[in-house]
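A short write-up of the structure that comes next.
Chain A is the first sequence line, chain B the second, and so forth, proteins listed ahead of strands; every chain is numbered from 1. Just so we're clear, the structure is a prediction, and the values are computed from it rather than from any experiment.
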Amino acid sequence: MNVFRILGDLSHLLAMILLLGKIWRSKCCAGISGKSQILFALVFTTRYLDLFTNFISIYNTVMKVVFLLCAYVTVYMIYGKFRKTFDSENDTFRLEFLLVPVIGLSFLENYNFTPLEILWTFSIYLESVAILPQLFMISKTGEAETITTHYLFFLGLYRALYLANWIRRYQTENFYDQIAVVSGVVQTIFYCDFFYLYVTKVLKGKKLSLP
Amino acid sequence: ELDDLEKDEL
């Protein structure tokens with residue numbers, strides 16, 4: 001495992017903990033897209049089914065379980081415990097616009113036409129677009145709380161670090177996973193606009209608000 | 001490319 005991979009995983013973990021901590025401390029999930037969080041829970045559920053079929057390492061197993069737990073607890077906080085604070089009027093992205101093409105593509109373009117492999121492929125494609133309901137919500141309301149922007153920054157940074165990981169793996173192991181790389185590039189591109197706003201506004205102490 | 005389809009990445 002190279003340094004980009006471990007930093008990527010830690011960035012991913014930090015993003016999820018930041019979001020959970022923010023909701024827990026403020027007892028409020030306004031500004032968070034429940035739809036994006038449902039999609040992430042679905043991503044982890046369909047990707048980590050191999051927890052039941054093969055063991056890779058302790059690290060791998062522990063991280064998968066932690067990611068799954070974080071995703072489900074977040075969804076529970078939004079739709080259960082703190083649902084009264086959930087801003088559902090602004091979380092209006094139509095999920096079928098993402099799910100239908102992603103399901104179709106995962107049947108068409110995969111490594112192996114087996115249920116587990118198709119679900120893994122589905123999870124990779126879905127992850128690349130799962131943040132869109134959240135970004136749509138921010139563009140609709142025109143603003144985001146600072147901790148929400150930190151969450152988005154680390155979530156985007158994780159995928160950008162994975163790109164560096166894949167370049168390193170290609171150089172050192174001659175390994176590449178075409179589905180993950182192409183989806184990862186797409187996913188990272190969705191964050192570029194946000195990265196720009198984060199650096200020019202949030203890091204200078206201003207709240208992220210769109211004109 | 002992927003011999004055994006074992007995925008160690010998260």
Side-chain angles (χ1 to χ4, degrees), chain A residues 1-2 4-6 8-13 16 43-44 47-51 53-68 70 110-114 116-121 123-124 127 158-159 161-163 165-166 169-170 173-181 183-184, chain B:
Chain A
M1 197 181 323
N2 61 57
F4 301 115
R5 164 72 200 284
I6 189 86
D9 287 349
L10 291 178
S11 172
H12 197 180
L13 186 64
M16 287 191 284
V43 162
F44 293 138
R47 187 174 309 166
Y48 297 160
L49 289 169
D50 65 351
L51 276 172
T53 58
N54 55 351
F55 177 79
I56 294 160
S57 65
I58 302 254
Y59 173 83
N60 189 279
T61 302
V62 170
M63 290 296 269
K64 282 176 174 170
V65 171
V66 170
F67 282 9
L68 277 165
C70 283
N110 52 55
Y111 293 132
N112 234 343
F113 204 77
T114 58
L116 268 186
E117 201 50 38
I118 290 170
L119 285 168
W120 178 85
T121 312
S123 84
I124 295 287
E127 188 189 350
Y158 135 69
R159 224 35 180 182
L161 284 164
Y162 257 58
L163 296 184
N165 160 48
W166 290 321
R169 285 194 77 176
Y170 184 67
E173 304 164 46
N174 208 23
F175 169 91
Y176 80 97
D177 177 339
Q178 195 180 325
I179 288 177
V181 170
S183 308
Chain B
E1 276 300 327
L2 292 176
D3 299 334
D4 51 3
L5 293 169
E6 185 182 88
K7 285 125 178 148
D8 74 314
E9 285 172 348
L10 302 164

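Your options are A:F44, A:F67, A:Y48, and the one with the most heavy-atom pairs under 4.5 Å with chain B is A:Y48.
Between B:K7 and A:I124, the closest side-chain pair of non-hydrogen atoms is not below 4.5 Å.
B:D8 CG to A:R5 CZ: the interatomic distance, rounded to the nearest 0.5 Å, is 5.0 Å.
Within 6.0 Å of atom OH in A:Y170, 12 or fewer heavy atoms from other residues, nucleotides or ligands are found, so the atom counts as exposed in its surroundings.
Using a 4.0 Å cut-off between a side-chain N of Lys or Arg and a carboxylate O of Asp or Glu, A:R47 and B:E9 do not qualify as a salt bridge.
When all heavy atoms of B:L10 and A:N60 are compared, the pair lying nearest together is CD2-O, 3.9 Å.
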